[in-house]
Amino acid sequence: SLIFLPPYSPDFNPIEQVFAKLKALLRKTAARTADALQTAIPDALHALLSVTKSIVGCVAAVLVDRGLLEPAGPLTVYVPELAACGYAGATVRHLLDMRSGINFSEDYLDPQAEIRRLEQCIGWSPAADPTAPASLYDFLVTLRQGGPHGGSFAYRSCETDTLGWICERAGGARRHLALRRAERGG
């Protein structure tokens, strides 16, 4: 059972914590012009990736509590597009535990690593390949399975992105709207 906190509880509100962290990161850059701020924002947002995992996990918990998301259910029930990629056969629980078996490298020093390709698809770095997927969703369906689903834990940023896509479909709203609904208890 989930306990919904009143919206005036910033200490326990994950959205408030994200914005507080973003503001602190932007203050550190000491950006004083619009151009400097525009340059600083992508770096500050990049630093929020780990916080995003917690927030998407909270949204998933709300959807589970409301009976809209089944942890043991296959991902393809929510996002049929995942049936033709490495996520075929994986469950929501596999994503929640980061045990999907997807081949995804977080090696930031390797320009060919999946994390670098993901950054290009979402516009955080210039596209090095003109044939690269045009969106995050297009990128996620290119991922291949590298091991068994339910195997050992491996930190993969793509798990959060895929879980977010599933939450959007299960909750019937884009991520930012799903977060607001979860925050209000609605």
Side-chain angles (χ1 to χ4, degrees), residues 14 18 21 25 42-65 68-176 178-179 182:
V18 168
K21 184 169 181 170
L25 290 167
D43 290 334
L45 289 174
H46 182 72
L48 291 175
L49 285 175
S50 292
V51 174
T52 303
K53 290 166 181 42
S54 299
I55 294 171
V56 172
C58 288
V59 170
V62 169
L63 293 171
V64 168
D65 185 63
L68 298 172
L69 186 64
E70 174 53 51
L75 306 181
T76 53
V77 166
Y78 305 99
V79 182
E81 296 93 320
L82 296 171
C85 71
Y87 280 113
T91 66
V92 173
R93 171 63 57 204
H94 294 142
L95 290 183
L96 289 166
D97 295 341
M98 288 197 177
R99 296 175 48 214
S100 74
I102 282 294
N103 187 25
F104 189 90
S105 171
E106 297 269 344
D107 182 354
Y108 287 88
L109 298 177
D110 178 2
Q112 300 304 314
E114 286 80 6
I115 191 66
R116 291 301 187 192
R117 292 185 12 244
L118 183 147
E119 289 174 347
Q120 293 173 34
C121 293
I122 61 175
W124 283 5
S125 61
D129 177 3
T131 64
S135 72
L136 175 62
Y137 303 124
D138 293 339
F139 171 75
L140 293 173
V141 298
T142 68
L143 297 175
R144 298 290 163 233
Q145 188 171 351
H149 298 309
S152 60
F153 168 86
Y155 184 91
R156 301 176 189 98
S157 295
C158 62
E159 305 289 62
T160 304
D161 296 319
T162 306
L163 182 61
W165 192 6
I166 288 162
C167 288
E168 287 177 354
R169 294 281 179 87
R174 297 289 300 209
R175 269 182 253 197
H176 66 284
L179 289 171

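Fair warning: this is a prediction, and the values are worked out from it, not measured in the lab.
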Residues in side chain to side chain donor-acceptor pair (under 3.5 Å) with R116, at least two apart?
E119
With sequence neighbours excluded, what pairs up with D138 under the side chain to side chain donor-acceptor pair (under 3.5 Å) test?
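D138: side chain to side chain donor-acceptor pair (under 3.5 Å) contacts with S135.
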Any pair with a residue in residues 120-130 that passes salt bridge (Lys or Arg N to Asp or Glu O under 4.0 Å), sequence neighbours left out, goes on the list, sorted by first then second residue, please.
none
Under a 3.5 Å distance rule, please check whether R99 uses its side chain to pair with a backbone N or O of S152 as donor and acceptor.
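Not a single qualifying donor-acceptor pair exists.
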I'd like to know if the side chain of Q120 and the backbone of S125 have a donor-acceptor N/O pair within less than 3.5 Å.
no
[X] [atom1] to [Y] [atom2] distance, which is reported to the nearest 0.5 Å:
X	Y	atom1	atom2	answer
K53	D161	NZ	CG	7.5 Å
I102	R144	CD1	CZ	8.5 Å
F104	L118	CZ	CG	5.0 Å
I166	L69	CD1	CG	7.5 Å

Geometric class of the W165/Y137 ring pair [parallel <30°, tilted 30-60°, perpendicular >60°]
tilted
Evaluate the side-chain proximity of [Y] to [X]: yes if any heavy-atom separation is below 4.5 Å, no if none is.
X	Y	value
D97	F153	no
T142	R117	yes
C167	L163	yes

Return the minimal non-hydrogen interatomic distance between L68 and A170, and the atom names on each side.
O-CB, 3.4 Å
Residues 76-91 side chain polar contacts: donor-acceptor under 3.5 Å, at least two apart:
from : atom 1 : to   : atom 2 : distance (Å)
Y78  : OH     : E70  : N      : 2.8
E81  : OE1    : R169 : NH1    : 3.1
E81  : OE2    : R169 : NH2    : 2.7
Y87  : OH     : E159 : OE1    : 2.8
Y87  : OH     : T162 : OG1    : 3.2
T91  : OG1    : R93  : N      : 3.4
T91  : OG1    : H94  : N      : 3.2
T91  : OG1    : H94  : ND1    : 3.2

